[in-house]
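Below: one structure, written as structure tokens.
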Amino acid sequence: MFGLPITSPPKNASLVYDQPLYSPPKNVATFSNLYTVQRSFALRKGYRHLLDKKTIVRSCVRMRKQTVDKNSQLYKYRHSLAHVMAQAVISYFKDAKLGDVRLGIGPPIDTGFYYDFVLPRALEAEELKEIEQRMKKIIKEKQVFERFVLPPQEAVKFLEERGENYKLELVQEFIEQGEEISFYTNGPFTDMCEGPHVEKTNDIPFKAFKLDSIAGAYWRGDEKNIMMTRIYGLAFETPEELALFERRRKLALERDHRKLGRELELFTISEEVGKGLPLWLPKGTAIRDSLEALARETEFKYGYDRVATPHITQSKLYHMSGHLPYYKESMYPPMVLDDEEYYLKPMNCPHHHMICKSLIRSYRDLPLRLAEYGQVYRFERSGELAGLLRVRGMYMNDAHLYCDESHVREELKKVMEMHKYYYDLFGLSNYWVRLSVHDQNKDKFVDNFDEWDKSVNMLREVLTELAIDFEEIPGEAAFYGPKIDFQVSNVVGREETASTNQLDFTSGPRFQLEYAGADGQTRYPYIIHRAPLGTHERFISFLIEHYGGAFPTWMAPIQARVIPVAPEFFEYADKIRMRLREEGIRAESDLSSDSFSKKIRNGTIQKIPNLLIVGGNERDKEEVTQRRYGQKEQETQGLEAFVAWIKDEIRLRRNSRPVNPLEA
RNA sequence: GCCAACAUAGCUCAGUCGGUAGAGCAGUUGAUUCGUAAUCAACAGGUCGGCGGUUCGAUUCCGCCUGUUGGCUCCA
């Protein structure tokens, strides 16, 4: 993908755990929230004029989270099912004499469809069964879908008569855009809609859909608007595909990092400490340490210098950085001491800038590359927290590269090369790159649009030159500059940013990071903010799911466990353990009173990459029998040969990870 | 923060149509010494998330709070 001459990635990377639940097509932000996708959809379609948040969200006929071809049967099934469901919901409430239902939007999505309603009362999950029955009835009725177009004023009148005030809001905008207003009628139900639909309801596969869940959703994705009730449905072409999807979803849940984190004793979150503030258990900490060692080593090779900064900082720094106006709501409120306000730091950048300020004088001091794994705190809203994926305290693989304009491209390329190295190392291939740029919102982005354009161009050029596929999304930039984000999705298909890189033209002047250029003129550096490993919290949560908890030896909390076949061999087993620890290997010996096969079972359940079986045969010849995770074939070799092998495995960070036959 | 659901032993889960609770695994103890995914037995373990209300009596019904989950919004 990158086409870079670079250290070759490990070969035998096993991708069995890397099957995405849904496959994102190239360049399509399949997992993005609706808003983001609507924007990217708009961009791809050339609707740049629609990029304003207010005007972009359209009815079910417009932009949607949908990667299936619009004219395909599957698209029509899903779209038609949304209408059928709306009809069923309306009749359900009407028959119960509970009052009127108002319609929001009801588009197809990648796994089926949804429809947003304003309901007279909350709907319970059990009631979905009844609605599903009504849907089946409607399908059997062979209702015909008929399209008709109304002139603007009649369309308005039509919707007014039905009290569809949300649809009315949409139609007003369609009219302003000069668009044709079309409707679809099937049976007693009519909806303003662009289509296309199936010809009649019984074209829809009868057993390949299912109502899935109820959720809240703001009207037009704006939290200032009312909260509607969204019903999600699954829909595929065949019952087999539906069953397959459900089976895969269930399987994916087995790899959920919250479940594995508890089972494998990696981390815990205590109510007493606070939500979003995870506690890392010894085994999770071992993983963190492995990652940090990787980062330290890699950054050293790339010429970074390590620095360290405090957790709290006076408000004046954040006024200087601009965080206080732009970022305040994501920061913990200040502690006030001796008339000074101290904030928990939400980012490491301002501190690094101050370090830069004390170091640089001339262009000869550049590029300056400052690196730190830094603890930061952000006040995420409670509903947004999720396991390790979204937390309030996080440890970030941060670094800032201060460079002269002439260095920017080259430094950016090296940063991208580092990403390539990391992602290959982990065997990550299911990710996509997003170029997050500004829009014209002056409240959200610093007001210097010439610099914005220039910076965006530099990023675009670098990505293009390296042949990295990317999708450009307006409005997603940091307040101080555009970003290149690496997006991944977790087991349940939620998209998150795993790595982020920003080009910052704002902080140089803001922090007065002056240096003398070759021509003697005063200049300000461009700053590249980069975090290829993101934060431990998010990155490790992602790796837990990626590996299904079975980490390659170099990262595994326990790298080897020695299992004696009988108590007679405890002494030999423990001798091996000590020999391995002498070499810095995280090794254990199981000297419990469990039976031999129980010990094997325990070691396997804990997904320890290497179990070393020792009995009389091994002891007599100073050997070990290695049983690798998920692999039936074993290998008996001399102790020192094994020590050499595992040291290599760790040093080279091999991603060899055989499949557990019980999981396959 | 918003909409909704959920909260019983360390974990996974039963259960009580209102009369203060069980199972499996894990744990402890004892026996067992075993060559590749669970040896046997005994024991211990819970203010049934917290606080109020209704009731003779609440883990069960109601309200509030806290936390979690699924969405929305926001984001590393």
Side-chain angles (χ1 to χ4, degrees), chain A residues 33-36 114 116 118-119 122-126 212-232 253 256 258-259 262-263 265 268-272 274-276 327 329-330 346-347 376 378-392 394-398 436 476 478 483 485-488 492 494-502 529 531-539 541-542 563-570 593-605 611 613-618 625 627 632 634 660-662:
Chain A
N33 62 56
L34 187 60
Y35 175 44
T36 305
Y114 69 78
D116 289 344
V118 177
L119 301 177
L123 201 60
E124 282 173 35
E126 291 83 64
D212 194 37
S213 62
I214 304 173
Y218 297 110
W219 168 236
R220 312 189 79 182
D222 188 335
E223 63 181 325
K224 291 188 197 72
N225 290 339
I226 65 152
M227 172 78 50
M228 294 183 151
T229 303
R230 174 173 298 177
I231 303 176
Y232 281 100
L253 257 34
D256 189 311
R258 290 168 294 202
K259 178 178 153 75
R262 189 167 49 236
E263 287 173 1
E265 298 178 334
T268 185
I269 297 176
S270 122
E271 206 178 312
E272 288 75 14
K275 55 187 170 189
Y327 204 74
E329 60 183 39
S330 296
M347 289 176 176
V376 297
R378 298 182 186 174
F379 192 79
E380 299 290 341
R381 297 197 290 180
S382 59
E384 279 139 22
L385 301 173
L388 288 184
L389 207 57
R390 288 292 288 280
V391 291
R392 287 178 171 171
M394 67 213 92
Y395 202 54
M396 187 184 272
N397 171 232
D398 220 350
S436 301
E476 293 289 311
K483 306 193 283 182
D485 294 327
F486 284 63
Q487 303 296 108
V488 298
V492 289
R494 180 181 290 161
E495 176 185 343
E496 294 287 352
T497 301
S499 315
T500 186
N501 307 279
Q502 294 138 19
H529 304 235
L533 299 177
T535 63
H536 276 331
E537 286 71 18
R538 182 170 295 174
F539 209 82
S541 80
F542 181 68
I563 298 182
V565 302
E568 193 191 338
F569 311 106
F570 277 17
S593 62
D594 286 336
S595 68
F596 174 55
S597 54
K598 184 68 175 290
K599 289 180 186 186
I600 303 266
R601 179 179 156 82
N602 285 341
T604 308
I605 287 171
L611 297 179
I613 313 300
V614 296
N617 303 338
E618 287 80 4
T625 293
R627 181 186 162 120
K632 268 288 177 208
Q634 304 178 101
N660 179 350
L662 296 183

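Each chain gets a letter, A, B and so on, in the order the sequences are listed, and its residues count up from 1.
With the nearest nucleotide of RNA chain B identified for both A:Arg390 and A:Gln634, A:Gln634 has the one nearer the 5' end. Place A:Arg378 and A:Arg262 on RNA chain B by their nearest nucleotides, and A:Arg262 ends up nearer the 5' end.
Contact annotation: side chain of A:Glu263 to base of B:rG10, donor-acceptor pair absent below 3.5 Å. Side-chain atoms of A:Glu384 come within donor-acceptor range of the base of B:rU73, with a qualifying N/O pair under 3.5 Å. In this model, a side-chain donor or acceptor of A:Arg381 finds a partner on the base of B:rU73 within 3.5 Å. In the interface, the side chain of A:Thr497 is not paired with the base of B:rA76 through any donor and acceptor atom under 3.5 Å apart.
Shown here, B:rC64 forms a base pair with B:rG50; the pair counts as Watson-Crick or G-U wobble because both key distances fall under 3.5 Å. Pair assignment for B:rA21 gives none, since no Watson-Crick or G-U wobble pairing has each distance under 3.5 Å. Look at B:rC2: its Watson-Crick or wobble partner, with both distances under 3.5 angstrom, is B:rG71. Pairing for B:rU55 is absent, judged as Watson-Crick or G-U wobble with the two contacts each under 3.5 Å.
Closest to the A:Glu271 side chain, of the nucleotides B:rG67, B:rC72, B:rU39, is B:rG67. Taking only side-chain atoms of A:Arg538, from C-beta outward, the nucleotide of B:rG71, B:rC75, B:rA37 with the closest atom is B:rC75. Of the candidates B:rC72, B:rA38, B:rA76, B:rA38 carries the atom nearest the A:Lys598 side chain, counting heavy atoms from C-beta on. Checking B:rU39, B:rA76, B:rC72 against the side-chain heavy atoms of A:Thr500 singles out B:rA76 as nearest. You'll find that the side chain of A:Met227 is closest to B:rC72, out of B:rA38, B:rU73, B:rC72. Which of B:rU39, B:rC34, B:rC72 sits closest to the side chain of A:Tyr232 comes down to B:rC72.
Residue contacts for A:Asn617: at a heavy-atom cut-off of 4.0 Å it reaches a base atom on one of the strands shown. A:Glu618 comes within 4.0 angstrom of a base, heavy atoms only. Among the heavy atoms of the strands lying under 4.0 Å from A:Val391 is at least one base atom, whether or not backbone atoms are also near. At the heavy-atom level, A:Gly534 lies nowhere under 4.0 Å from the strands shown. At the heavy-atom level, A:Ala217 lies under 4.0 Å from the strands shown only through sugar-phosphate atoms.
In this structure, the side chains of A:Glu537 and A:Tyr395 come closer than 4.5 Å at one or more pairs of heavy atoms. Looking only at side-chain heavy atoms (C-beta outward), A:Glu496 and A:Phe542 stay at 4.5 Å or farther from each other.
Here A:Asp222 does not pair with A:Arg220 in a salt bridge; the nearest charged N to carboxylate O distance is not below 4.0 Å.
Screening A:Ile613, A:Asn617, A:Val614 for a side-chain contact (heavy atoms from CB on, under 4.5 Å) with A:Val565, the sole residue that qualifies is A:Ile613.
Residue A:Lys259 has no polar side-chain atom (N or O) positioned under 4.0 Å from OP1 or OP2 of B:rU69. Contact annotation: A:Lys483 side-chain N/O to B:rA76 OP1/OP2 distance is under 4.0 Å. Between B:rA76 and A:Tyr327, no contact under 4.0 Å exists linking OP1 or OP2 to a side-chain N or O. Put simply, A:Arg230 has no side-chain N or O that comes within less than 4.0 Å of OP1 or OP2 on B:rC2. Checking the phosphate oxygens (OP1, OP2) of B:rA37, no side-chain nitrogen or oxygen of A:Thr604 falls inside 4.0 Å.
For the residue pair A:Gln634/A:Thr625, the side-chain donor-acceptor check at 3.5 Å is not satisfied.
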